[in-house]
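Quick caveat, the model's predicted, so the values are computed rather than measured.
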Amino acid sequence: MSNTTLYFAYGSNMALARLRARIPSARLYRNARLPGYELKFHKKGADGSAKCDVVRSENRSLLVHGVLFEFDIAEKPILDVFEGPRYESHRVELLTANDSVTEAFMYVVADKAAHTDHRLKPFHWYKHHVLHGAREARLPDDYIADIAAVESQPDHDEERTRRELSIYPEPAVRALFAMI
């Protein structure tokens with residue numbers, strides 16, 4: 001019996017440094033795609049900004065790209081706390097590079113009517129996590145461009161911004177502030 005689990009990250013947890021700051025045993029497994037879903041920045045974060053979610057679509061050609069991580073199953077309750085009560089853990093079938101099917105869990109917004117708002121924008125630091133992870137995983141260029149095109153906003157809580165970006169090497173942080 002295995003003591004590890006596979007987790008599909010499609011938002012800020014794609015950034016390995018962010019995920020490892022939360023669950024130290026996380027190891028990159030491989031990239032994967034979730035067919036028939038679309039990435040949205042519309043989850044109401046506790047901080048008043050938008051976070052990532054996926055939405056099922058009738059269009060099976062739509063794909064959410066992301067990263068499969070393997071980690072110690074004993075750390076899943078820790079990740080559940082970080083993801084918060086507005087996300088639920090779901091098992092999904094994913095496609096890997098050679099179109100083989102694999103199963104993993106991911107988080108999705110549980111009650112979309114109550115916990116999403118399409119008018120919200122992510123903070124710059126949150127979008128940086130998502131972009132950093134997408135680039136680190138070498139997701140398709142057009143997918144990365146779509147993420148980069150998402151409008152974001154400054155977080156007026158400078159301490160939170162510093163804390164969120166402290167996991168990255170200094171040049172990456174400077175590059176983020178050059179974008180703003």
Side-chain angles (χ1 to χ4, degrees), residues 1-45 50-118 120 122 126-127 129-150:
M1 181 185 276
S2 174
N3 62 348
T4 63
T5 190
L6 287 178
Y7 163 55
F8 179 65
Y10 58 83
S12 65
N13 284 339
M14 286 191 296
L16 183 58
R18 180 168 173 83
L19 187 59
R20 279 198 177 144
R22 294 172 166 194
I23 50 172
S25 72
R27 292 178 302 288
L28 178 63
Y29 191 71
R30 67 176 55 132
N31 289 356
R33 302 175 317 277
L34 178 64
Y37 282 80
E38 192 173 1
L39 180 67
K40 298 285 186 180
F41 284 79
H42 68 178
K43 179 195 170 262
K44 296 176 188 174
K51 306 294 187 244
C52 286
D53 182 32
V54 294
V55 177
R56 186 183 298 270
S57 173
E58 294 301 316
N59 182 350
R60 292 286 295 166
S61 68
L62 288 177
L63 295 169
V64 171
H65 291 268
V67 182
L68 275 173
F69 291 98
E70 183 177 43
F71 66 86
D72 186 331
I73 191 70
E75 291 180 332
K76 186 174 182 301
I78 297 167
L79 192 55
D80 290 343
V81 169
F82 275 106
E83 294 305 304
R86 295 179 181 176
Y87 281 120
E88 287 181 333
S89 175
H90 285 273
R91 303 277 319 157
V92 289
E93 287 189 347
L94 304 157
L95 300 174
T96 60
N98 61 0
D99 288 330
S100 64
V101 176
T102 192
E103 190 175 293
F105 83 90
M106 70 174 188
Y107 293 98
V108 295
V109 172
D111 182 346
K112 301 235 191 275
H115 302 301
T116 63
D117 183 342
H118 68 278
L120 294 176
Y126 181 83
K127 180 178 161 183
H129 287 316
V130 180
L131 273 172
H132 185 87
R135 289 175 178 142
E136 187 175 56
R138 296 188 173 118
L139 297 185
D141 290 340
D142 59 336
Y143 194 78
I144 292 171
D146 288 345
I147 295 169
V150 170

- Chi angles and distances behind the side-chain contact (heavy atoms from CB on, under 4.5 Å) call for Leu28, Glu136: CA-CA 11 Å; Leu28 178 63; Glu136 187 175 56; over 6 Å; no
- Query: Should Val130 and Tyr10 be marked as a side-chain contact (heavy atoms from CB on, under 4.5 Å) after you check the CA-CA gap, both sets of side-chain angles, and the distance that decides it?
  - Reply: CA-CA 8 Å; Val130 180; Tyr10 58 83; over 6 Å; no
- Decide side-chain contact (heavy atoms from CB on, under 4.5 Å) for Ile23 and Asp72; before the verdict, give the C-alpha distance in whole Å, the side-chain angles of both, and the deciding distance to 0.1 Å. CA-CA 9 Å; Ile23 50 172; Asp72 186 331; over 6 Å; no
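For Pro35, the side-chain contact (heavy atoms from CB on, under 4.5 Å) test picks out Arg60, Leu63, Leu95, with sequence neighbours left out. Taking the ring pair (Phe, Tyr, Trp, His ring centres under 6.0 Å) definition, one finds that Tyr143 meets it with His65, sequence neighbours left out. When the ring pair (Phe, Tyr, Trp, His ring centres under 6.0 Å) test is applied to Tyr7, the partners found at least two apart in sequence or on another chain are Phe105, Tyr107. Scored by the salt bridge (Lys or Arg N to Asp or Glu O under 4.0 Å) test, Lys40 finds Glu38 as partners (sequence neighbours excluded). Considering only residues two or more places apart in sequence or on other chains, His115 meets the ring pair (Phe, Tyr, Trp, His ring centres under 6.0 Å) condition with none of them. Applying the side chain to side chain donor-acceptor pair (under 3.5 Å) rule to Thr116 yields no partners; only residues at least two apart in sequence or on another chain are considered. The side-chain contact (heavy atoms from CB on, under 4.5 Å) test applied to Asn98 returns Thr96, Ser100, not counting sequence neighbours. Residues passing the salt bridge (Lys or Arg N to Asp or Glu O under 4.0 Å) test with Asp146, sequence neighbours excluded: none. With sequence neighbours excluded, no residue forms a side chain to side chain donor-acceptor pair (under 3.5 Å) with Lys43. By the side chain to side chain donor-acceptor pair (under 3.5 Å) test, Thr102 pairs with no residue at all, sequence neighbours left out.
To the nearest 0.5 Å, atoms CZ (Phe8) and CG (Asn31) are separated by 9.0 Å. The CE atom of Met14 sits 11.5 Å away from atom CG of Leu19, with the distance rounded to the nearest 0.5 Å. Rounding to the nearest 0.5 Å places OH of Tyr29 at 11.0 Å from OG1 of Thr5.
The closest side-chain heavy-atom distance from Leu16 to Val67 is not below 4.5 Å. Looking at Leu120 and Phe41, their side chains never come closer than 4.5 Å, going by heavy atoms from C-beta outward.
In terms of heavy-atom proximity, Gly66 sits nearest to Leu139 at O-CD2, 3.9 Å. Contact between Ala148 and Leu131 at its shortest, heavy atoms only, is N-CD2, 3.8 Å. Among all heavy-atom pairs drawn from Leu34 and Glu93, the shortest one is CD1-O, 3.8 Å.
Sequence neighbours left out, the pairs with a member in residues 97-109 that pass salt bridge (Lys or Arg N to Asp or Glu O under 4.0 Å) are Arg33-Asp99, Arg91-Glu103. Listed by first and then second residue, the side-chain hydrogen bond (donor to acceptor under 3.5 Å, both in side chains) pairs that reach into residues 16-28 are Ser12-Arg18, Asn13-Arg22, Arg18-His129, Arg18-Glu164, Arg22-Glu83, Ser25-Glu75, Arg27-Glu70, sequence neighbours excluded.
Residue-environment remark: CG (Asp141) stays at or below the threshold of 12 foreign heavy atoms within 6.0 Å.
With hydrogens and angles disregarded, no donor-acceptor distance shorter than 3.5 Å links the side chain of Tyr87 to the backbone of Met106. Arg86 places a side-chain N or O within 3.5 Å of a backbone atom of Lys44 that can act as its donor or acceptor partner.
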